[in-house]
Structures are given as structure tokens and as C-alpha cells.
Asks: 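Please see the structure below; I have some questions.
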Amino acid sequence: MTVPRREPLSQHSTATMPQQDEGKKPPVEMAPEQHWKLQVFYLCFYGFMTQIRPGESFITPYLLGPDKNFTRVEVTNEITPVLTYSYMAVLVPIFLLTDYLRYKPVLVLQSLSHISIWLLLVLGTSVLAMQLMEFFYGVTMAARIAYSSYIFSLVAPSRYQRMASYSRSSVLLGVFTSSVLGQLCVTLGSVSFLTLNYVSLGFVTFGLLLTLFLERPKRSLFFNRSEAACNGAAPTELDKMAGGDKMDSGDKTDGGKVTGGWRQAVLCRMLREVCTLAKQSRLQLWSFWWIFNSAGYYLVLYYVQILWNNIYPTMDNRRVYNGGVDAASTLLGAIASFAAGYLKIRWALWSALVIGVVTAIQAGLLLLMNTTGNIWLCYTAYVLFRGSYQFLVPIAIFQIATSLSKELCALVFGVNTFFGTVLKTIITITVADKRGLGLSVHPQFYVYFGYFSLLALVYILMAMVVVVRHSRRVQPPELIPTEGQVQEKSPEAATLQA
């Protein structure tokens with residue numbers, strides 16, 4: 001269920017930086033080196049520790065097992081759909097509150113939600129309690145944006161890319177460690193799923209304590225930029241818009257902080273800018289992939305444990321290998337993401353084809369997962385499915401973010417995530433919810449197979465159009481000379497004129 005978030009890249013212009021004395025550092029770098037390094041180390045340690053939830057890989061078999069004894073229909077059609085609904089309901093408010101409250105309060109909310117999840121898993125006995133648990137799970141997923149963007153408030157823009165890689169690596173390492181720890185406890189230690197959930201409750205409680213010691217930043221991306229601007233940092237897209245709005249509306253400042261209502265206008269103007277940028281073909285293609293493929297990807301992740309339990313309904317906890325599969329898929333995803341950075345092709349020409357081929361492979365893997373009776377083959381197909389998606393994630397981030405400012409980049413990813421969540425909600429209501437078709441897990445995976453097959457067909461058709469247009473530009477049609485041009489270039493004509 002746990003999938004690490006992606007951080008957008010950033011683009012900053014150094015041409016507008018104010019002149020500094022040769023021996024004097026910019027104000028954003030005036031803080032002692034040791035202080036910000038300690039902050040980054042603590043944040044990465046926090047990111048690692050908050051991922052240690054060894055019971056997470058075994059939530060579905062725990063709900064279906066003797067501890068809770070829910071039916072497969074209840075888990076599939078009543079409990080799990082709430083996760084999608086809650087995520088959609090809280091995504092936009094948490095996105096805005098994260099920046100307005102400067103990260104830390106949202107991280108505290110995330111930790112409290114994690115504690116609520118495991119308290120309900122341990123103590124809850126009704127379907128309503130499990131639905132409430134899924135609601136808090138949606139809150140934790142929406143709040144991941146707070147961690148992924150927190151680190152940008154700690155360091156200078158020149159260090160953004162490296163710090164983003166550190167924070168992402170710490171999260172991936174935490175997920176991998178958590179999955180391996182859970183699998184070892186179940187397989188070698190014969191630890192029950194209930195005990196594993198108590199252990200997870202202890203870890204998330206410790207995570208809350210770590211959250212309380214995080215330093216609350218003084219600036220953020222959208223609503224709290226005044227201090228950075230006053231310190232002489234390079235003006236960003238938002239700063240320029242804010243400056244224009246302040247002159248137009250006559251808003252006053254208090255200590256460098258705007259007291260008027262320009263923020264709303266600025267965000268609206270940035271959203272209009274995003275709509276203008278949406279006309280770029282590259283942005284359209286990768287945003288289309290982000291919205292449609294991510295929706296299908298997360299639906300598969302939400303329901304795959306139910307599929308495994310259907311294929312291999314063992315009552316012996318030691319023979320449930322969900323943690324090992326999550327660890328393997330996380331490791332392969334990290335390797336695939338790393339390898340994608342070294343793929344050098346003409347993305348303007350071959351992007352649609354690469355996406356189409358990968359999506360077609362994912363469709364085939366879904367069909368294999370749904371039709372095989374061998375649990376190990378299903379496990380392998382799932383690991384490859386996740387790895388193929390993670391392979392395209394850094395490419396999509398680069399292709400979308402390469403020509404955008406940091407603020408516009410954040411808005412583009414936010415808008416894409418929102419539309420992907422809306423699509424995921426529509427599919428859930430139609431396919432999984434008992435108020436819709438209420439399909440069991442195998443028919444659902446046939447729907448997902450058809451969904452990815454249709455996407456692959458669309459991408460391949462798009463690739464054919466791009467290649468045909470490119471070939472026509474490379475080989476323009478030959479010009480047919482006129483009669484006068486033929487005579488002018490004819491040797492005979494030259495001789496007669498002489």
C-alpha cells in the first residue's frame with residue numbers, strides 16, 4: 001500500500017540575484033553549515049523511521065483472518081473503497097494547509113493519523129471501524145506532500161536536487177526495511193499479525209515523538225515567501241506575481257510580509273499559467289500518463305493483497321509472503337528509477353512509444369496476475385508491474401519539470417494528482433463499490449487489464465502520429481521546377497543566349 005512520493009525538480013534563475021561581495025555568502029547560506037546539515041540528517045532519519053510499519057504488508061490477510069474475520073466481500077466492496085474517497089476529499093485542503101501552516105502541523109496530523117490507523121486495526125471489530133481506519137489512511141497519503149516539500153525550506157536552491165534524492169532514498173530504505181522486518185517476523189519468528197500490528201503501533205508512536213522535534217520552517221513555497229524575498233533571494237514566479245498584485249491593489253506590508261489578499265489572486269494567476277502551459281505537447285503527454293496510469297496503478301496496489309489471498313488462501317501466517325514481495329518491488333522500483341536517469345533517447349520523438357510499450361507490458365502482467373493459479377508467478381508479475389511504473393516516474397518528473405519554475409511545477413503535479421484521484425474515485429465507485437457494480441477481485445483485475453490495454457493502444461497510436469509527422473518534416477516533398485526554371489538551368493539555353 002505504501003508508495004513513496006515524487007518530488008518535483010526546481011528551476012531557478014541566477015541572473016536576478018543581487019550583487020554580493022566576493023567574500024560574502026548569500027543570506028540564504030548564512031546559516032552555519034553544521035546547522036542545516038543536522039536538520040537534513042534529522043529529517044531523513046525521520047523519513048526512514050516513519051516508514052517502519054512492519055504490519056502494513058499484512059493488513060488484508062489480517063482483516064480476512066481469524067483475528068478480524070471479515071468476509072472478502074466486505075473488505076473488497078465496503079472497506080477498501082473508502083481509502084480512495086477519503087484521499088480525494090482531503091487532498092486539496094491538505095495541499096493548501098501544508099504550505100500555509102509551514103509543513104510541521106501537517107506532519108503532526110499525519111503521525112496522529114498513523115496512530116489512529118493502528119489503534120483501529122488492533123481494537124476495531126466492525127466494518128465501520130475499518131472504514132474509519134481507511135479514512136485515516138487517506139489522510140496519511142495526502143499528507144506525504146508535507147515531508148517531500150519540507151526539505152526545500154531547509155537548504156539553498158542550489159542544493160534542492162541532491163537533498164530531494166536524500167529524502168526519497170531515506171523513504172525507500174524505510175519501506176524496504178519495514179517490509180523485510182515484517183516478513184522475517186512472520187516467517188522466521190512466527191509472530192502473529194496482531195502482534196505485528198502492536199509493533200507497528202509502537203513505531204508510529206515513536207514517529208510522532210520525532211515529529212514534535214522537527215523545526216518549523218519560517219518560509220514555504222506559496223504563502224510564506226516574504227522572508228526569502230527580503231533576504232535577497234532570487235525572486236520566483238510567485239514573488240513576481242505578488243509584486244504585481246501588490247502594486248495593483250495597494251496592499252501594505254508589515255515587516256516584509258504581505259497583509260492584503262493578493263495570495264488568492266496569485267494562485268489563480270498561476271493556475272491560469274498552468275492552463276496556458278498545458279498547450280505544450282510534451283506536457284500534455286506526460287500529464288496524461290501521470291493522471292491515467294497512476295490512477296490504474298494505485299487501484300492495483302489497493303486490491304492486490306485481496307487477489308493474493310484469493311489465489312492462495314492459506315491459514316498459516318508463515319506462508320504469507322506479502323512483506324517479501326513489497327520489499328522486492330520497492331528494491332526493483334529504486335533500481336528502475338536509478339536506471340531511467342541514464343536512458344538517453346530523443347524523448348520528443350519516442351516518448352509516446354516508450355510509454356505505450358511499458359503500458360502494454362503492464363497490461364500483460366495484470367492479465368498474468370489475474371489468470372495464474374501460481375502465487376509465486378503472481379508475486380513476480382506484481383514486482384515487475386511496480387518496477388515498470390517506477391521506471392517511468394523520474395522520466396515523467398524530468399519531462400514535466402524541465403521548463404517550469406518550482407512553483408508552477410508544484411502546481412502542475414498537484415493538478416495532475418488531483419485529476420488522477422478524481423478518475424480513481426470514478427472507477428472505484430463504478431467497479432468496486434457495492435453501490436456500483438460491486439465486482440469481486442478477479443473481475444476487477446480484468447477491468448484493470450482492459451484499462452491498461454486501452455491506454456497502451458492510445459499511446460501507440462499517438463507514437464505513430466508523432467513518427468509520421470517527424471518523417472514528413474525530415475523529408476520535405478521535392479519541388480517541381482517551372483518551365484522557366486528549367487530553361488534557365490539548361491546548358492542549351494545558355495549556349496543559345498551566348
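Please read all numbers here as calculations on a predicted model, not as lab measurements.
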Asks: Taking atom CZ of R144 and atom OG1 of T50, what is their separation to the nearest 0.5 Å?
Replies: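 If we round to the nearest 0.5 Å, R144:CZ and T50:OG1 are 10.0 Å apart.
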Asks: Side-chain contact, heavy-atom cut-off 4.5 Å: T60 with L64?
Replies: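 Contact flag for T60/L64 side chains = yes.
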Asks: Is a donor on one side and an acceptor on the other found under 3.5 Å between the side chain of K424 and the backbone of G296?
Replies: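 Here the side-chain-to-backbone pair does not exist.
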Asks: Is there a side-chain contact between L121 and L63 (heavy atoms, below 4.5 Å)?
Replies: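 They are in contact (side-chain heavy atoms under 4.5 Å apart), so the answer is yes.
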Asks: Is there a side-chain hydrogen bond (donor to acceptor under 3.5 Å, both in side chains) between N293 and Y459 once you walk through the steps?
Replies: CA-CA 11 Å; N293 286 57; Y459 291 132; 2.7 Å; yes
Asks: Check whether R216 reaches the backbone of L101 with its side chain - one donor and one acceptor, N or O, closer than 3.5 Å.
Replies: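 The answer is yes, because a donor-acceptor pair under 3.5 Å joins these two groups.
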Asks: Please step through ring pair (Phe, Tyr, Trp, His ring centres under 6.0 Å) for the pair F193 and Y62, ending with a clear verdict.
Replies: CA-CA 6 Å; F193 293 150; Y62 171 71; 7.0 Å; no
Asks: I'd like to know if the side chain of Q183 reaches the main chain of G324, judged simply by a donor and an acceptor atom lying under 3.5 Å from each other, with no hydrogens or angles considered.
Replies: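 Flag set: sc Q183 to bb G324 pair under 3.5 Å.
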Asks: Side-chain contact test, heavy atoms from C-beta onward, threshold under 4.5 Å: evaluate it for F391 versus S337 and give yes or no.
Replies: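 No, side chains not in contact.
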Asks: Between W347 and F398, is a ring pair (Phe, Tyr, Trp, His ring centres under 6.0 Å) present by the stated rule, with each step listed?
Replies: CA-CA 11 Å; W347 288 108; F398 176 77; 9.0 Å; no
Asks: Could you go through Y147 and S170, starting from their C-alpha distance and side-chain angles, then the distance that decides it, and tell me whether this counts as side-chain contact (heavy atoms from CB on, under 4.5 Å)?
Replies: CA-CA 11 Å; Y147 173 78; S170 64; 3.0 Å; yes
Asks: Verify the neighbour count for atom CZ of F288: are there more than 12 heavy atoms of other residues, nucleotides or ligands below 6.0 Å?
Replies: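 Correct, the count exceeds 12.
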Asks: Find the distance between CD1 (I291) and OG1 (T417) and round it off to the nearest 0.5 Å.
Replies: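 Nearest 0.5 Å value for the CD1-OG1 distance: 9.0 Å.
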Asks: Grab the two heavy atoms, one from V431 and one from V447, that are nearest each other, plus how far apart they are.
Replies: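 In this case the closest contact between V431 and V447 is CG2-CG1, 4.0 Å.
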Asks: Do I117 and H114 come close enough that some side-chain heavy atom pair is under 4.5 Å?
Replies: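 SC-SC contact between I117 and H114 confirmed.
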Asks: Apply side-chain contact (heavy atoms from CB on, under 4.5 Å) to the pair V300 and L307, showing each step before the final yes or no.
Replies: CA-CA 10 Å; V300 170; L307 179 67; over 6 Å; no
Asks: Begin from the C-alpha positions of Q362 and L366 and carry the test side-chain contact (heavy atoms from CB on, under 4.5 Å) through to its verdict.
Replies: CA-CA 6 Å; Q362 290 178 312; L366 287 174; 5.5 Å; no
Asks: Using only atom types and a distance under 3.5 Å, with no angle test, would you say the side chain of Q51 pairs donor to acceptor with the backbone of V171?
Replies: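 Pair absent, no side-chain N/O of Q51 close to backbone of V171.
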Asks: side-chain hydrogen bond (donor to acceptor under 3.5 Å, both in side chains) between Y302 and T84: does it pass, once the steps are laid out?
Replies: CA-CA 9 Å; Y302 295 165; T84 301; 5.1 Å; no
Asks: Can you pull the side-chain hydrogen bond (donor to acceptor under 3.5 Å, both in side chains) pairs that have at least one residue in residues 191-203, sequence neighbours excluded?
Replies: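 Residue pairs with at least one partner in residues 191-203: W118-N197, S192-T195.
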Asks: With sequence neighbours excluded, give me every side-chain hydrogen bond (donor to acceptor under 3.5 Å, both in side chains) pair touching residues 426-436.
Replies: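 Passing the test, one end in residues 426-436: Y85-D433, D433-R435.
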Asks: Between R102 (side chain only) and D99 (backbone N and O only), is there a donor and an acceptor less than 3.5 Å apart?
Replies: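 No, the answer is negative, given that no donor and acceptor are paired below the 3.5 Å cut-off.
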Asks: Heavy atoms, side chains only, cut-off 4.5 Å: are C44 and V40 in contact?
Replies: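 C44 reaches V40 side chain to side chain.
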Asks: Output the distance between atom CG (L97) and atom OH (Y103), rounded to the nearest 0.5 Å.
Replies: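 Here the interatomic distance stands at 13.0 Å.
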Asks: According to the interplanar angle, ranging from 0 to 90°, do the rings of W289 and Y389 count as parallel (below 30°), tilted (30 to 60°) or perpendicular (above 60°)?
Replies: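 Because their plane-to-plane angle is under 30°, the rings of W289 and Y389 count as parallel.
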Asks: For residues M88 and V422, report the shortest heavy-atom separation together with the two atoms involved.
Replies: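 Residues M88 and V422, closest heavy atoms: CE-CG2, 3.7 Å.
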Asks: Could you walk me through whether Q110 and V139 pass the side-chain contact (heavy atoms from CB on, under 4.5 Å) test, one step at a time?
Replies: CA-CA 7 Å; Q110 185 185 46; V139 173; over 6 Å; no
Asks: Given 3.5 Å as the limit, does a donor-acceptor pair link the side chain of E134 with the main chain of L83, or not?
Replies: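 Answer holds: no.
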Asks: Could you go through E215 and Q39, starting from their C-alpha distance and side-chain angles, then the distance that decides it, and tell me whether this counts as side-chain hydrogen bond (donor to acceptor under 3.5 Å, both in side chains)?
Replies: CA-CA 8 Å; E215 182 176 332; Q39 284 183 308; 2.6 Å; yes
Asks: Counting the benzene-type ring for Trp, do F385 and F452 have ring centres under 6.0 Å apart?
Replies: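 Yes; F452 has its ring centre under 6.0 Å from that of F385.
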Asks: Using modelled atom types and a 3.5 Å cut-off, is there a donor and acceptor pairing between side-chain atoms of Y150 and backbone atoms of L43?
Replies: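 Checked: no pair found.
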Asks: For a side-chain contact (heavy atoms from CB on, under 4.5 Å) with Y137, tell me which candidate from V82, L132, I59, L120 qualifies.
Replies: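 In the set V82, L132, I59, L120, the residue that makes a side-chain contact (heavy atoms from CB on, under 4.5 Å) with Y137 is I59.
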Asks: Closer than 3.5 angstrom, by distance alone: can the side chain of Q131 be matched with the main-chain N or O of E78 as a donor-acceptor pair?
Replies: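 Confirmed, Q131 side chain pairs with E78 backbone.
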Asks: Are side-chain heavy atoms of F203 and R53 found at a separation under 4.5 Å?
Replies: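 In short, these two side chains do not touch, never coming nearer than 4.5 Å.
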Asks: As an exercise, state the distance from CG of L299 to OG1 of T80, rounded to the nearest 0.5 Å.
Replies: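 Between L299 CG and T80 OG1, I get 11.0 Å after rounding to 0.5 Å.
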Asks: Is T330 reaching over with its side chain to a backbone N or O of F176, donor-acceptor style, under 3.5 angstrom?
Replies: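 Checked: no pair found.
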Asks: Nearest 0.5 Å, what's the CD1-CZ distance between I79 and F70?
Replies: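 The CD1 atom of I79 sits 5.0 Å away from the CZ atom of F70.
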Asks: Report the distance from atom CD1 of I145 to atom CG of L96, rounding to the nearest 0.5 Å.
Replies: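 Answer for the CD1-CG pair, I145 versus L96, is 11.0 Å.
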Asks: Which heavy atom of I94 sits nearest a heavy atom of A142, and at what distance?
Replies: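 Nearest pair, atom of I94 first, then A142: CG2-O, 3.6 Å.
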Asks: Evaluate T140 against S113 for side-chain hydrogen bond (donor to acceptor under 3.5 Å, both in side chains), listing each step before the verdict.
Replies: CA-CA 6 Å; T140 64; S113 298; over 6 Å; no
Asks: Would you check if F136 and L112 make a side-chain contact, meaning some heavy-atom pair closer than 4.5 Å?
Replies: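 Sidechains of L112 and F136: no contact.
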Asks: Measure up the Y42 and F45 rings against each other and bin them: parallel (under 30°), tilted (30 to 60°), perpendicular (over 60°).
Replies: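 If you compare the ring of Y42 with that of F45, the planes turn out tilted.
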Asks: Go through the steps for F413 and W290 under the test ring pair (Phe, Tyr, Trp, His ring centres under 6.0 Å), then give the verdict.
Replies: CA-CA 9 Å; F413 282 110; W290 196 280; 5.0 Å; yes
Asks: Minimum heavy-atom separation for G182 to L196, with atom names?
Replies: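 Distance-wise, the nearest heavy atoms are O-CD2, 4.1 Å.
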Asks: Please name the pair of heavy atoms, one in P54 and one in V199, separated by the smallest distance, quoted to 0.1 Å.
Replies: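 That would be CG-CG1, 4.0 Å.
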Asks: Give a yes or no answer on whether the side chain of D326 reaches the backbone of S179 with a donor-acceptor pair at less than 3.5 Å.
Replies: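 Checking the backbone N and O of S179 against the side chain of D326, no donor-acceptor pair under 3.5 Å is found.
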Asks: Is the closest side-chain heavy-atom distance between F95 and F418 below 4.5 Å?
Replies: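 Of all side-chain heavy-atom pairs linking F418 with F95, none is under 4.5 Å.
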Asks: Quick one: closest heavy-atom pair of A129 and G124, and the distance?
Replies: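 Reported closest heavy-atom pair: CB-CA, 3.9 Å.
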